[in-house]
J.: 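Let me begin by handing over the structure; questions about it come next.
Throughout, protein chains are lettered first and strands after them, A, B, ... in sequence-line order, and every chain is numbered starting at 1.
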Amino acid sequence: EAGVAQSPRYKIIEKRQSVAFWCNPISGHATLYWYQQILGQGPKLLIQFQNNGVVDDSQLPKDRFSAERLKGVDSTLKIQPAKLEDSAVYLCASSLGTEQFFGPGTRLTVL
Amino acid sequence: GNSVTQMEGPVTLSEEAFLTINCTYTATGYPSLFWYVQYPGEGLQLLLKATKADDKGSNKGFEATYRKETTSFHLEKGSVQVSDSAVYFCALSDQGAGGTSYGKLTFGQGTILTVHP
């Protein structure tokens, strides 16, 4: 069974630029999550989708971050404009039940 | 809100030593508890879990017991190997209304474990 796919794996941008990350969950997984993991910290949930609806986006900085999952399968997370403090690994996870399966992450560096 | 506190690291051990990584939590209701592991260069993987009080999760020689009275979920292994070197995260998943788990994970800050031969 294929795991959660994410791209790109690495991205370097300058502050105030835009960036987008893509996630393809495990086939059949209705729930999809985006987490932000800052160096030296545990992952923090940004947004949770159930199919194509948002369940929880309480910790998403909505002035600059947006996410969508239009067809209830793959998802895109966008940052516009980026700030230095957005440097982190962005993890996508999917689940069918209680266990979440994580992708390899996208490491973002904002200069 | 929910929170998870792990013992500060990093932890450095010799092969075959006993390992304990402490984890305590604060949550409302009846959370499920997890330990995730992140090996160098790899993504997060579920190591073990426990879904109710007094449950013991175990996998690959690691164990952790859900202690509601002390709000703890300490990770233990009797004899560590070099291949256990990784970052370990304690996490909890809150429960939605009516006992339905929405699956949102709250993580601790992670503990770096290094095992020397």
J.: Check whether more than 12 heavy atoms from other residues, nucleotides or ligands sit under 6.0 Å from atom CD of Q45(B), and answer yes or no.
T.: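 Counting neighbours around CD of Q45(B), more than 12 heavy atoms of other residues, nucleotides or ligands fall under 6.0 Å, so yes.
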J.: Let me confirm one number: the NZ-OG distance from K104(B) to S95(A), rounded to the nearest 0.5 Å.
T.: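 Separation between the atoms: 14.5 Å.
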J.: Does atom CD (Q80(A)) have a neighbourhood of more than 12 heavy atoms from anything else shown, all under 6.0 Å?
T.: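 Counting neighbours around CD of Q80(A), 12 or fewer heavy atoms of other residues, nucleotides or ligands fall under 6.0 Å, so no.
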J.: Between CD of Q37(A) and CZ of F89(B), what distance do you get to the nearest 0.5 Å?
T.: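 Output value for this atom pair is 4.5 Å.
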J.: Find the distance between OH (Y35(A)) and CG (L44(B)) and round it off to the nearest 0.5 Å.
T.: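 If we round to the nearest 0.5 Å, Y35(A):OH and L44(B):CG are 9.5 Å apart.
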J.: Contact part of L105(B) toward chain A, heavy-atom cut-off under 4.5 Å: side chain, backbone, both or neither?
T.: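 Answer is both: backbone and side chain atoms of L105(B) are under 4.5 Å from chain A.
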J.: By a 4.5 Å heavy-atom criterion (distance strictly below it), what part of I38(A) contacts chain B: side chain, backbone, both, or neither?
T.: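 No part of it gets close to chain B.
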J.: So does L39(A) have more than 12 non-hydrogen atoms from other groups sitting under 6.0 Å from CG?
T.: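 Open: at most 12 neighbouring heavy atoms sit under 6.0 Å from CG of L39(A).
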J.: Hey, what do you get for OH (Y36(B)) to CZ (F102(A)), rounding to the nearest 0.5 Å?
T.: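 Output value for this atom pair is 5.0 Å.
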J.: Quick one: which of P43(A), A93(A), G40(A) has the most heavy-atom pairs under 4.5 Å with chain B, could you say?
T.: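 Heavy-atom pair counts peak at P43(A).
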J.: Mark yes when over 12 heavy atoms from residues, nucleotides or ligands other than K62(A) sit less than 6.0 Å from its NZ; otherwise mark no.
T.: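 Result for NZ/K62(A): enclosed.
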J.: Please check if the number of heavy atoms outside E15(B) that lie under 6.0 Å from its CD is greater than 12.
T.: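 Check passes, neighbour count above 12.
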J.: Can you say whether Q38(B) sits under 4.5 Å from chain A via the side chain, the backbone, both, or neither, judging by heavy atoms?
T.: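 Q38(B) touches chain A through side-chain heavy atoms alone.
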J.: Should we count OH of Y39(B) as having more than 12 external heavy atoms under 6.0 Å?
T.: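 Enclosed.
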